[in-house]
Structures are given as C-alpha cells and as structure tokens.
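Below, chain A is the first sequence line, B the second, and so on; all start at residue 1.
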Number of protein chains: 2
Amino acid sequence: MRRAPLTRERVLAAALELADAGGLESLSMRKVATALGVEAMSLYNHVANKEDLVDGLVDLVFAEIDLPVPGAPDWKGEMRRRAVSVREVLNRHRWAVGLMESRMRPGPANLRSHNAVMGCLREAGFAFRAAVHASSLLDAYIYGFALQEASLPFDTAQDHAEVVEAKQAAVPDLTPFPYLVEVFTEMARAGYDYATEFAFGLDLILGALERAQTK
Amino acid sequence: MRRAPLTRERVLAAALELADAGGLESLSMRKVATALGVEAMSLYNHVANKEDLVDGLVDLVFAEIDLPVPGAPDWKGEMRRRAVSVREVLNRHRWAVGLMESRMRPGPANLRSHNAVMGCLREAGFAFRAAVHASSLLDAYIYGFALQEASLPFDTAQDHAEVVEAKQAAVPDLTPFPYLVEVFTEMARAGYDYATEFAFGLDLILGALERAQTK
DNA sequence: TTGACAACCTTACGGCGTAAGCGTACCTTA
DNA sequence: TAAGGTACGCTTACGCCGTAAGGTTGTCAA
C-alpha cells in the first residue's frame with residue numbers, strides 16, 4: 001500500500017515544501033512525517049536529526065542558484081546574473097536567508113557555489129585578497145538585501161504600501177520624526193520596487209569593484 | 001523578601017542577558033522567569049507574549065546604536081560612524097541580526113534610528129529617492145555583513161582559522177573545488193580580519209554613493 | 001470595613017525534538 | 001530451504017516550550 005519507500009530525498013522534498021509554505025517555525029519533524037503519511041521517528045532512519053535535515057534543505061537551495069562561469073569574458077555580467085539568481089532563490093525560500101552561511105557542514109552545492117564565485121573573480125584578474133574582498137562585499141549586500149525583503153510579513157510581500165501603512169498605524173506619534181513621515185507618505189504614494197532597488201545597489205557595487213581593480 | 005518589583009524593564013534586561021549568553025533559542029519565558037526568581041506566568045503581567053518581549057529586546061538593541069547627526073558637515077563620516085556602531089552592536093547581540101528590520105511594531109529607538117539616517121542623507125543634499133537608495137544599500141551591506149559574522153559558531157568567533165579548519169574537515173573531497181582549496185589554505189595561514197574587511201566594503205560603498213550623488 | 005484591582009501563583013494543554021526499544025519484512029549465506 | 005542479520009517503520013516516553021484559565025494575596029480608595 002505504501003506508494004514509495006521513504007528516502008532522504010523524499011524527506012527533504014516534503015520538508016522544503018513545508019518550509020516554503022509556512023517558514024522555519026512551521027517546520028517540525030512531526031509535520032514532515034504527517035505530510036509523508038508516516039510517523040515522526042521514521043524520519044530518523046534517513047536524517048540524523050533536525051539540523052541534518054536543515055543542512056540538506058540549505059543545500060537544495062544552493063543548488064537552485066545560477067552559477068557564474070569562471071573564465072567568462074564579462075565577469076561583471078556573470079556576477080550580476082548570479083546575484084540576481086540568489087535574490088530570486090532567496091525570495092522563493094525566505095526562511096533560508098539566515099541559514100545559507102551558517103552551516104557547519106556545507107553540502108556539495110554550497111561548495112560548488114563558492115568555488116564558482118571565487119573562480120570567476122580570480123580568472124577575471126582579481127588578486128586573491130581582492131577576490132575575497134569582492135565576494136565578501138557582494139554576498140553581504142545580496143544577503144542583507146534578501147534579509148530585508150524576507151523580513152516583511154510573509155504573504156503580503158508584493159504589496160509594500162500595505163505593510164508601510166500597517167507599521168505606521170502601530171506607531172502612536174510620528175511628529176518627532178519628520179524624515180520618516182516623508183518616507184511613509186512617499187512609499188504609500190509611489191510604492192517601492194525591490195527589483196529596481198536591488199539592481200541599483202548591485203551595479204553601484206560592481207562598478208566600484210571594477211574601478212578598484214583597474215585603478 | 002522580594003528585592004524589587006517586577007517591571008517590563010527588569011524583564012527585558014534579564015531576557016537580553018539570556019539572549020546574549022545563549023542566542024535566541026535559549027531564550028524561553030521559563031528561563032527568563034527563573035533568572036528573575038519568579039514563575040513564568042508572572043512575566044505576562046509585564047509583556048503581552050514572547051513576541052512583545054522580543055520587540056522590546058530589539059528596541060533595546062536599536063538604542064545602543066550611535067546615531068548620525070542630520071546636518072553635520074561630513075555626511076560620509078557620520079554614516080561611517082553609524083555603520084561601524086551597528087556592526088559593533090550586532091556583534092554584541094548576534095541573535096538580533098535577523099530581527100532588526102522584521103518588527104511589525106517598531107519601537108521608539110528603531111524610529112529614531114531610521115529618522116536620523118534619512119535626515120543625515122537628506123540634509124547632505126541627497127534627493128529623496130537617492131536617500132532611499134543610499135540607506136537601503138548601506139543597511140543591506142551592514143546587515144549582510146553582520147549576518148555572515150553572526151553565522152559563525154557562537155564562541156569561537158575570534159578564531160576564524162579554527163572554524164575554517166573544522167568546516168574543511170567536514171568535507172570529504174575538496175579536489176573538485178580548486179579555488180576553495182586556495183581559500184581554505186590562505187585563510188588558515190593568514191587569517192581573516194573582519195573589521196578590515198568591513199571597512200573596505202563600507203568605504204567602497206560610501207565613495208560610490210558620493211560619486212553617484214555629485215555626478 | 002469593604003471591595004476592587006494588580007501582581008504573582010498553580011495547573012494544565014497541546015506541541016516540540018528525540019532516546020529507547022519493538023516488530024516485521026527482506027536479503028544473504030550455508 | 002532454513003537461519004540469522006539488517007533495514008525500516010512503529011510505539012512509548014521524557015523533558016522542554018508558549019500560554020490559557022483561573023486561584024491567592026497584598027494594597028489602597030471609598
């Protein structure tokens with residue numbers, strides 16, 4: 001009667017679906033088991049514990065990232081494409097933002113990703129330390145931006161104006177903060193395009209890195 | 001016999017100490033209560049629930065940040081000082097990194113902080129949209145950098161080399177990733193100075209923002 | 001003196017991760 | 001074919017968690 005035997009892959013797939021739907025806090029061993037028509041303790045035949053399960057999830061997320069190609073002629077284009085991909089992936093898996101760089105046991109996709117980034121920069125002529133600087137700076141920006149995006153209330157992410165208004169409504173008196181008043185009114189009026197905002201910062205950083213390299 | 005009456009401030013102070021010591025996952029209502037010589041349910045006379053308590057903690061963290069002064073002559077200096085302060089504060093309170101921008105009920109220190117940043121940029125001559133760009137970019141970098149720092153295992157943060165070696169030991173075969181080999185060996189050899197790394201990216205961003213403004 | 005209210009308490013519920021160990025179905029090897 | 005091992009799903013149980021419900025006690029106003 002059991003459709004398919006339980007495997008690590010099936011466990012991870014069910015857990016990924018749960019995490020995407022309700023965030024990390026709604027991911028429990030019991031719920032994953034229920035989704036698979038199985039008891040919680042059965043999962044432990046395929047993952048060591050919850051941390052191992054999360055390690056597996058994070059590597060699935062890494063595997064979705066579009067990698068830069070070391071040696072490609074246009075390193076800025078490669079890094080931009082990869083950065084945009086990371087933002088997209090982390091938007092699909094918001095719960096993952098804080099976990100990507102915290103794994104003590106990096107999975108294969110994780111290693112492949114960091115290797116490709118360093119490779120692309122080194123082959124583009126960056127000295128070792130400069131490549132470390134560049135990848136650290138880029139990743140900080142990308143993860144920081146994704147963090148801010150992921151911090152919005154889960155469902156209403158596309159409607160920034162609503163969130164702004166809700167936040168404003170929770171504040172008793174805004175008159176001591178004139179510059180914030182401007183932000184609130186302007187955001188509610190003209191909205192806020194995350195993709196454009198992300199691209200602005202990304203291109204500014206890539207341009208500055210290029211200038212710093214060829215200087 | 002009870003030394004002092006329980007207050008919201010005393011509850012928050014005890015919770016802050018617990019969170020700093022053991023991270024968010026070691027912060028429970030029962031432990032906070034025990035630390036105060038009180039039962040868990042007594043806390044609910046002073047905080048609405050755990051989320052309200054965390055909201056209070058985050059605002060305490062915001063209050064520790066050194067604010068930029070709107071109208072000061074050297075806006076880059078102001079923003080740099082504030083950025084360095086944010087990094088220091090988030091290093092003292094690593095658990096807070098992912099929570100700073102996710103509060104649906106921003107506290108007074110939170111509002112004051114964002115108001116000061118926008119004010120400093122607007123008074124320095126940034127147009128409204130440019131100021132939003134700049135503060136978004138800077139915060140993304142700062143939080144992203146803090147996130148990477150906070151993601152290290154809790155105690156050994158000062159000894160980067162150890163962490164790198166432990167991570168490397170958890171990987172079976174590194175030969176498919178030549179650029180990572182370089183990173184691992186070089187990091188173990190020469191170490192990694194987070195403060196320097198942070199300053200590099202920060203100055204690069206501030207310089208690029210200045211160029212974009214006066215262009 | 002009375003009665004309201006605030007602050008702290010006990011008890012209890014449903015959920016969590018996971019340690020310990022049971023039953024069974026299959027595979028190997030003699 | 002029989003024996004024994006192993007893999008895999010199961011039940012039970014423990015000590016945590018947040019918090020709803022409601023009891024007790026001390027203080028202060030009328």
Side-chain angles (χ1 to χ4, degrees), chain A residues 1-60 95-96 98-99 102-105 153-154, chain B residues 1-60 95-96 98-99 102-105 153-154:
Chain A
M1 179 56 70
R2 202 148 292 109
R3 294 289 157 203
L6 214 48
T7 63
R8 183 178 171 94
E9 283 65 37
R10 295 218 312 134
V11 171
L12 289 179
L16 187 63
E17 202 165 329
L18 262 174
D20 286 345
L24 256 199
E25 72 280 5
S26 85
L27 179 73
S28 78
M29 302 300 277
R30 290 176 219 259
K31 284 185 197 161
V32 173
T34 301
L36 290 165
V38 132
E39 295 302 315
M41 290 310 291
S42 302
L43 304 179
Y44 287 84
N45 287 311
H46 305 278
V47 297
N49 49 41
K50 193 179 183 182
E51 190 185 339
D52 181 33
L53 186 151
V54 172
D55 281 350
L57 290 187
V58 168
D59 214 54
L60 284 184
W95 50 268
L99 305 174
S102 70
R103 303 297 86 195
M104 277 314 284
R105 301 185 176 281
F154 301 106
Chain B
M1 180 56 72
R2 202 149 291 108
R3 294 290 157 202
L6 215 48
T7 62
R8 182 179 171 92
E9 283 66 38
R10 295 218 312 134
V11 171
L12 289 179
L16 187 63
E17 203 165 329
L18 262 174
D20 286 346
L24 256 200
E25 71 280 6
S26 85
L27 180 73
S28 78
M29 301 300 276
R30 289 176 219 260
K31 284 185 196 160
V32 173
T34 301
L36 289 164
V38 130
E39 295 303 315
M41 290 310 291
S42 303
L43 303 179
Y44 287 84
N45 288 307
H46 306 278
V47 297
N49 48 41
K50 194 178 183 183
E51 190 185 338
D52 181 35
L53 186 151
V54 172
D55 281 350
L57 290 187
V58 168
D59 215 55
L60 285 184
W95 50 268
L99 305 174
S102 71
R103 303 298 86 196
M104 277 314 286
R105 302 185 176 280
F154 301 107

Rounding to an integer number of Å, can you tell me how far [X] [atom1] sits from [N] [atom2]?
{"X": "B/Asp52", "N": "D/dT19", "atom1": "CG", "atom2": "P", "value": "10 Å"}
{"X": "B/Arg10", "N": "C/dC8", "atom1": "CZ", "atom2": "C1'", "value": "13 Å"}
{"X": "A/Asn45", "N": "D/dT6", "atom1": "CG", "atom2": "C1'", "value": "12 Å"}
{"X": "B/Leu53", "N": "D/dC17", "atom1": "CG", "atom2": "P", "value": "14 Å"}
{"X": "B/Glu39", "N": "D/dA20", "atom1": "CD", "atom2": "P", "value": "18 Å"}

Considering residues at least two apart in sequence or located in another chain, which fulfil the salt bridge (charged side-chain N to carboxylate O under 4.0 Å, His left out) criterion with B/Arg30?
none
Residues in salt bridge (charged side-chain N to carboxylate O under 4.0 Å, His left out) contact with A/Asp52, at least two apart in sequence or another chain
A/Arg8
Among all residues two or more places apart in sequence or in another chain, which pass the side chain to side chain contact (heavy atoms under 4.5 Å, CB included) test with [X]?
{"X": "A/Ala13", "result": "none"}
{"X": "B/Leu99", "result": "B/Leu24, B/Val54, B/Val58, B/Trp95, B/Ser102, B/Arg103"}
{"X": "B/Ser26", "result": "B/Lys31"}

If the cut-off is 4.0 Å, is A/His46 near the phosphate of D/dA7, judged by side-chain N/O to OP1 or OP2?
no
Nucleic acid footprint by protein, nucleotides 13-23 of chain C - heavy-atom cut-off 4.0 Å, B for base, S for sugar-phosphate alone:
---BBBBB---
